[in-house]
Asks: 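Pasting a structure here, questions to come.
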Amino acid sequence: MGLILKILIPLLGLLLAYYFYSAPEDFNEEMLRGKRVIVTGASTGIGEQMAYHLARMEAHLLLTARTEAKLQKVVKRCLELGAASARYVSGSMEDTKFPNVVVKEAENTWGGLDMLILNHIGYSYFNYFDGDVGHIRKILETNFLSYVAMTVSALPMLKESNGSIVVLSSMAGRIGSPFIAPYSSTKFALEGFFSSLRQEFIIEKVNVSITVCVLGYIDTENAMRAVSHVVRHKPAPKEECALEIIKSGALRQRELYYPRHTMGKMLLLHTIAPDFLDSLIRDNYKVENVKRP
Ligand SMILES: NC(=O)c1ccc[n+]([C@@H]2O[C@H](COP(=O)([O-])OP(=O)(O)OC[C@H]3O[C@@H](n4cnc5c(N)ncnc54)[C@H](OP(=O)(O)O)[C@@H]3O)[C@@H](O)[C@H]2O)c1
Ligand SMILES: *[C@@H]1O[C@H](CO)[C@@H](O)[C@H](O)[C@H]1NC(C)=O
Ligand SMILES: *[C@@H]1O[C@H](CO)[C@@H](O)[C@H](O)[C@H]1NC(C)=O
């Protein structure tokens, strides 16, 4: 087992990573110039960083989240960085009418849409599952159903432009980890919905790409506040993560794994030795720091 762990697994991981990440063509920042892009959850974290990258690439931006004051600041910065245009619409994705409001704003402003980046998440606790079914219903609305609703509203415009949908998932949408049962459920739901939809697009020759981004631990303020006292390993940088997401969307890749080596190794272990991987995941948590409420 020692030998397997030391040599074989990293080697296979690298091969797998190479297989997953070797891009079919090179990314060029001009691919985004003048493109009309919606970014949800853009007031902070990875969404905010994606907005700044897209601004530098001279895209048209429509940003959304709940906190108007933060969105105003992000829009201002985007304009300074060179965005072709930047505006926001604030509201909560808990409101079932809001996804359509955002898409209508894009339609009224631009009369079309090239890229839909679905990135927002609502607050969920990091702790043992507390039995609260109501919370799961609510978080499914914000993290999953609003993604479906935005896709439905935006699809006519995306079909017209041969556009792209980019969906932010997580390792928690592929592999179970403790203390995030509600969040993990919403990410698994996204993976199911969008991989099924991708198949139908291919069958029906709908030329709209779907890129699912499977992320590990990223150093956003909210993620660090929630888990840094429990998770042993270091988070990856949000700026680089945001850029990789934009590249994978522009290249119309089916998936992005970031950080790539860690994700590649985990998915490989998940396939060949799932119980062993589960124990590695548990070992990565300082369980004693998780207090039942
Ligand atoms: N950071 C990580 O370690 C990590 C790991 C794996 C996957 N991901 C995924 O990457 C994406 C971004 O993560 P992040 O860490 O950047 O998140 P974040 O910093 O917590 O940002 C979440 C965004 O969603 C908005 N939001 C929260 N509640 C909302 C609601 N009810 N309606 C509409 N918008 C709402 C927030 O703004 P307001 O509060 O102003 O509404 C904020 O802009 C998420 O899909 C996450 O699951 C992150
Ligand atoms: C979309 O792709 C089709 C081929 O699938 C092409 O005929 C059409 O011109 C493209 N439209 C745009 C707006 O790029
Ligand atoms: C789909 O759209 C993309 C982007 O416009 C284009 O590069 C590609 O050739 C199209 N594919 C097909 C099969 O039409």
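Note that this is a predicted model, so its numbers are computed, not measured. Numbers for residues simply follow the sequence, beginning at 1. Values reported hereafter were calculated over all heavy atoms of this structure, with side chains retained and with hydrogens, waters and symmetry mates removed. Counting convention: from 1, in listed order, for ligands and their atoms alike.
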Asks: Could you check whether any heavy atom of E160 sits closer than 4.0 Å to an atom of ligand 2, since that is the contact criterion I want to use?
Replies: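 Yes, that is the case, since the closest heavy atom of the residue is under 4.0 Å from the ligand.
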
Asks: Could you go through the side chain to side chain donor-acceptor pair (under 3.5 Å) check for S169 and E191 one step at a time?
Replies: CA-CA 7 Å; S169 184; E191 297 264 357; 2.7 Å; yes

Asks: Is there a side-chain contact between N100 and V152, using heavy atoms and a 4.5 Å cut-off?
Replies: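 A side-chain contact under 4.5 Å is absent here.
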
Asks: How does T44 reach ligand 1, by side chain, by backbone, by both or by neither, if only non-hydrogen atoms under 4.0 Å count?
Replies: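 It is both parts that get close, each with some atom under 4.0 Å.
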
Asks: To check your reading of the model: name the closest protein heavy atom to atom 5 (O) of ligand 2, its residue, and the distance in Å.
Replies: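 The closest heavy atom on the protein side is N207 ND2, 3.8 Å.
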
Asks: Step by step, work out the salt bridge (Lys or Arg N to Asp or Glu O under 4.0 Å) result for E80 and K76.
Replies: CA-CA 6 Å; E80 288 163 7; K76 186 165 171 275; 3.5 Å; yes

Asks: Hey, which atoms in ligand 1 end up nearer than 4.0 Å to a heavy atom of G45?
Replies: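 It comes down to these atoms of ligand 1: 16 (O), 19 (O).
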
Asks: Can you tell me if K187 has a non-hydrogen atom under 4.0 Å from ligand 1?
Replies: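 K187 counts as a contact of ligand 1 under the 4.0 Å cut-off.
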
Asks: Please work out whether any backbone atom (N, CA, C, O) or any side-chain heavy atom from C-beta onward of S169 is under 4.0 Å from ligand 1, and answer side chain, backbone, both or neither.
Replies: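 Just the backbone.
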
Asks: Among all the protein's non-hydrogen atoms, which is closest to atom 39 (O) of ligand 1, and how far away is it?
Replies: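 Going by distance alone, atom 39 (O) of ligand 1 is nearest to R66 NH2, 2.8 Å.
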
Asks: Salt bridge or not between E244 and K247? Use side-chain N to carboxylate O under 4.0 Å.
Replies: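 Salt bridge flag = yes for K247 with E244.
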
Asks: Measuring only between side-chain heavy atoms, which start at C-beta, is Y217 closer than 4.5 Å to S228?
Replies: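 Y217 vs S228: side chains touch.
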
Asks: Considering all heavy atoms of both residues, which atom of A106 and which atom of L62 are nearest to each other, and what is their separation?
Replies: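 What the structure gives for the nearest pair is N-CD2, 3.7 Å.
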
Asks: Indicate the ring-plane relationship of H135 and Y125, choosing parallel, tilted or perpendicular according to the 30° and 60° boundaries.
Replies: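 Rings of H135 and Y125: tilted, 30 to 60°.
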
Asks: Would E255 and R174 count as a salt bridge (Lys or Arg N to Asp or Glu O under 4.0 Å) here? Give the steps.
Replies: CA-CA 12 Å; E255 272 143 358; R174 293 283 171 91; 3.1 Å; yes

Asks: Please report which non-hydrogen protein atom sits nearest to atom 15 (O) of ligand 1, along with the residue it belongs to and the distance in Å to one decimal place.
Replies: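 Heavy-atom neighbour on the protein nearest atom 15 (O) of ligand 1: T220 OG1, 2.6 Å.
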
Asks: Please verify the inter-ring angle class for F126 with Y285; under 30° counts as parallel, over 60° as perpendicular, anything in between as tilted.
Replies: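 Parallel.
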
Asks: I'd like to check atom 13 (C) of ligand 2 in this structure: does the protein have a heavy atom lying under 4.0 Å from it?
Replies: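 Yes; the ligand atom in question has protein heavy-atom contact below 4.0 Å.
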
Asks: Less than 4.5 Å apart, side chain to side chain, heavy atoms only: is that true for I210 and R254?
Replies: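 Of all side-chain heavy-atom pairs linking R254 with I210, none is under 4.5 Å.
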
Asks: How about N28 and R33: does a side-chain donor come under 3.5 Å of a side-chain acceptor?
Replies: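 No, R33 and N28 have no side-chain donor paired with an acceptor closer than 3.5 Å.
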
Asks: Check each of I218, T67, I180 against atom 2 (C) of ligand 1 and report the one with the nearest heavy atom.
Replies: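 Looking at heavy atoms only, I218 sits closest to atom 2 (C) of ligand 1.
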
Asks: Check the pair K35, E58 against salt bridge (Lys or Arg N to Asp or Glu O under 4.0 Å), reporting the backbone distance first and the verdict last.
Replies: CA-CA 8 Å; K35 292 286 190 246; E58 300 174 28; over 6 Å; no

Asks: Which atoms of ligand 1 sit under 4.0 Å from any heavy atom of Y217?
Replies: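 Under 4.0 Å from Y217, ligand 1 has these atoms: 3 (O).
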
Asks: Identify the protein heavy atom lying closest to atom 5 (C) of ligand 1, giving its residue, its atom name and the separation to 0.1 Å.
Replies: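 The closest heavy atom on the protein side is G216 O, 2.9 Å.
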
Asks: With the threshold set at under 4.0 angstrom, would you say Y123 reaches ligand 1 through any of its heavy atoms?
Replies: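 Per 4.0 Å heavy-atom rule, Y123 does not contact ligand 1.
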
Asks: Test of understanding: given a 4.0 Å heavy-atom threshold, classify the contact between R252 and ligand 3 as side chain, backbone, both, or neither.
Replies: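 The side chain, only.
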
Asks: Should you measure from each heavy atom of G122, which atoms of ligand 1 turn up under 4.0 Å away?
Replies: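 Taking each heavy atom of G122 in turn, ligand 1 has 28 (N) under 4.0 Å.
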
Asks: Show the atoms of ligand 1 that are less than 4.0 angstrom away from any heavy atom in H120.
Replies: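 What qualifies from ligand 1 is 24 (O), 34 (N).
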
Asks: Got the closest protein heavy atom to atom 31 (N) of ligand 1, with its distance?
Replies: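 Checked against all protein heavy atoms, atom 31 (N) of ligand 1 sits closest to S92 OG, 3.1 Å.
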
Asks: For atom 37 (O) of ligand 1, which protein heavy atom lies nearest, and how many Å away is it?
Replies: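 Looking only at protein heavy atoms, the one closest to atom 37 (O) of ligand 1 is S43 OG, 2.8 Å.
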
Asks: Report the nearest protein non-hydrogen atom to atom 46 (C) of ligand 1: residue, atom name, distance rounded to 0.1 Å.
Replies: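 For atom 46 (C) of ligand 1, the nearest protein heavy atom comes out as Y183 OH, 3.6 Å.
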
Asks: I'd like to check which ligand 1 atoms, numbered from 1 as shown, lie under 4.0 Å from a non-hydrogen atom of A223.
Replies: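 Those of ligand 1 that fall under 4.0 Å from A223 are 1 (N), 2 (C), 3 (O).
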
Asks: Please say whether M93 places an N or O atom under 3.5 Å from an N or O atom belonging to ligand 1.
Replies: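 Yes; at least one N/O pair falls below 3.5 Å.
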
Asks: Who's the nearest protein heavy-atom neighbour of atom 1 (C) of ligand 2, and how far?
Replies: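 Result: N162 ND2, 1.5 Å.
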
Asks: Starting from atom 13 (O) of ligand 1, find the nearest protein heavy-atom neighbour and note its residue, name and distance.
Replies: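 Nearest protein contact, heavy atoms only, for atom 13 (O) of ligand 1 is I46 CD1, 3.9 Å.
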
Asks: Kindly identify the option in I121, L190, D219 whose heavy atom sits closest to atom 17 (O) of ligand 1.
Replies: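 Answer by nearest heavy atom: I121.
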
Asks: What residue and atom, counting heavy atoms only, is the protein's closest point to atom 11 (C) of ligand 1, and at what distance?
Replies: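 Here the closest protein heavy atom is N119 OD1, 3.1 Å.
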
Asks: With a heavy-atom distance limit of 4.0 Å, tell me whether A42 approaches ligand 1 through its side chain, its backbone, both, or neither.
Replies: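 Backbone only.
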
Asks: Assess R77 against Y52: is NZ or CZ under 6.0 Å from the centre of the six-membered ring, and within 45 degrees of the ring's axis?
Replies: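 Checked: cation-pi criterion met.
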
Asks: With a 4.5 Å heavy-atom cut-off, do M150 and T40 have their side chains touching?
Replies: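 When only atoms from C-beta onward are counted, T40 and M150 do touch, with a gap below 4.5 Å.
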
